[in-house]
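The structure displayed is predicted, hence computed values, not measured ones. Values below: every heavy atom of this structure, side chains too, minus hydrogens, waters and symmetry copies.
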Amino acid sequence: IGKNIVFVEIGVLHGGSLQMWRDYFGKQARIIGVDINPKAKMLEEKGFEIFIGSQSSENFWNDFYKKVGFVDIVLDDGGHQNAQQIITAFKSIPNINDGGVFVTEDTHTSYMPSFGNPSKYSFINFVKNKIDKINYRFPEFKDKNSVEKRIFSISFYESIVALNINSKKSIIP
């Protein structure tokens, strides 16, 4: 709060939450919205940066981070499909500053048949795998994937998962 941060929200709909985040973080925060609906571009009139694209597109995320650079907080409240959540996490984590966070909402969809779950490819199973990868950072192990090296810790809540990003704290001396 009150800092010069870059905040990204995926799934902005009509933009009410963007204004809430602006009020919460303060005017110096750079608030960016991502949505698949081109009508969301109208939110630029209210001072937000809006990017239109599919969160399941790796090319979209590559272009997005080339334009935006590193960010501090990513909040995924987008499509809630397994692939959308996983691709968004995989492409965003390398682009979050140390001390930042990647948050995915509505993770209960990993258990809902209408979202193709339960499945070994659910977002929750993706994150559970990160627990194993984090513990494989121990120096005796050779598995050194770059995405996991950036995740310091994972917090689970009802319908929310937060990945705390800090590559410096993730190094075991």
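- For the atom pair OG (Ser57) and CD1 (Ile36), the distance works out to 9.5 Å, reported to the nearest 0.5 Å.
- Distance check: Lys41 NZ to Leu43 CG gives 10.5 Å after rounding to the nearest 0.5 Å.
- Counting only distance, with no hydrogens or angles, the side chain of Asp35 and the backbone of Leu13 share a donor-acceptor pair below 3.5 Å.
- For the atom pair Asn117 CG and Asn82 CG, the distance stands at 4.0 Å (nearest 0.5 Å).
- Remark: Phe156 CZ is packed, more than 12 non-hydrogen atoms of other residues, nucleotides or ligands lying under 6.0 Å away.
- Checked for salt-bridge contact, Arg150 and Asp98 meet the test: a charged N lies under 4.0 Å from a carboxylate O.
- The ring-ring contact (aromatic ring centres under 6.0 Å, His included) with Phe7 is formed by just one residue from the set Phe25, Phe48, Phe102; it is Phe25.
- Counting all heavy atoms, side chain and backbone alike, Lys3 lies closest to Gln28 at N-NE2, 3.0 Å.
- The heavy-atom pair separating Ala162 from Val101 by the smallest distance is CB-CG2, 4.1 Å.
- Across all non-hydrogen atoms, the minimal contact from Ser119 to Gly116 is CB-O, 3.5 Å.
- Looking at Thr107, its side chain does come within 3.5 Å of a backbone N or O of Ile160 through a donor-acceptor pair.
- Between atom NZ of residue Lys67 and atom CZ of residue Phe51 there is a gap of 6.5 Å, rounded to the nearest 0.5 Å.
- Two different hydrophobic clusters hold Leu163 and Ile73 under the rule that ILVMFWY side chains link at heavy-atom gaps under 4.5 Å.
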May I have the step-by-step check of side chain to side chain contact (heavy atoms under 4.5 Å, CB included) for Ile87 and Glu58, ending in yes or no? CA-CA 7 Å; Ile87 291 169; Glu58 292 187 36; 3.9 Å; yes
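- Applying the 6.0 Å contact sphere to CD of Glu45 captures no more than 12 heavy atoms from other residues, nucleotides or ligands.
- Taken together through direct or relayed side-chain contacts under 4.5 Å among Ile, Leu, Val, Met, Phe, Trp and Tyr, Tyr157 and Leu75 form part of one hydrophobic cluster.
- In the hydrophobic clustering of this structure, Phe90 groups with Ile134; members are Ile, Leu, Val, Met, Phe, Trp, Tyr whose side-chain heavy atoms approach within less than 4.5 Å, directly or through other members.
- Listed here is the closest heavy atom pair of Arg30 and Val68: NH1-O, 3.4 Å.
- With hydrogens and angles disregarded, a donor-acceptor distance shorter than 3.5 Å links the side chain of Ser92 to the backbone of Thr88.
- In this structure, Lys91 and Tyr65 approach most closely via the heavy-atom pair O-CE1, 3.7 Å.
- At distances below 3.5 Å, at least one donor-acceptor pair connects side-chain atoms of Thr109 with backbone N or O atoms of His80.
- Taking hydrophobic clusters as Ile, Leu, Val, Met, Phe, Trp and Tyr residues chained together by side-chain heavy-atom distances below 4.5 Å, Ile151 shares a cluster with Phe123.
- When hydrophobic clusters are built by joining Ile, Leu, Val, Met, Phe, Trp and Tyr residues whose side-chain heavy atoms come closer than 4.5 Å, directly or via intermediates, Phe60 is grouped together with Val71.
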Please step through side chain to side chain contact (heavy atoms under 4.5 Å, CB included) for the pair Gln55 and Val34, ending with a clear verdict. CA-CA 8 Å; Gln55 74 177 111; Val34 174; 5.6 Å; no
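- Once rounded to the nearest 0.5 Å, the distance linking CG of Asp23 with CD1 of Ile31 reads 9.5 Å.
- Side-chain contact annotation: Ser56 with Gln81, donor-acceptor N/O pair under 3.5 Å absent.
- Pairing each heavy atom of Arg22 with each of Lys27, the nearest pair is CD-CA, 4.1 Å.
- Other residues, nucleotides and ligands place more than 12 heavy atoms under 6.0 Å from the NE2 atom of His108.
- Within the model, atoms CD1 of Ile52 and CG of Asn37 stand 7.0 Å from one another, a figure rounded to the nearest 0.5 Å.
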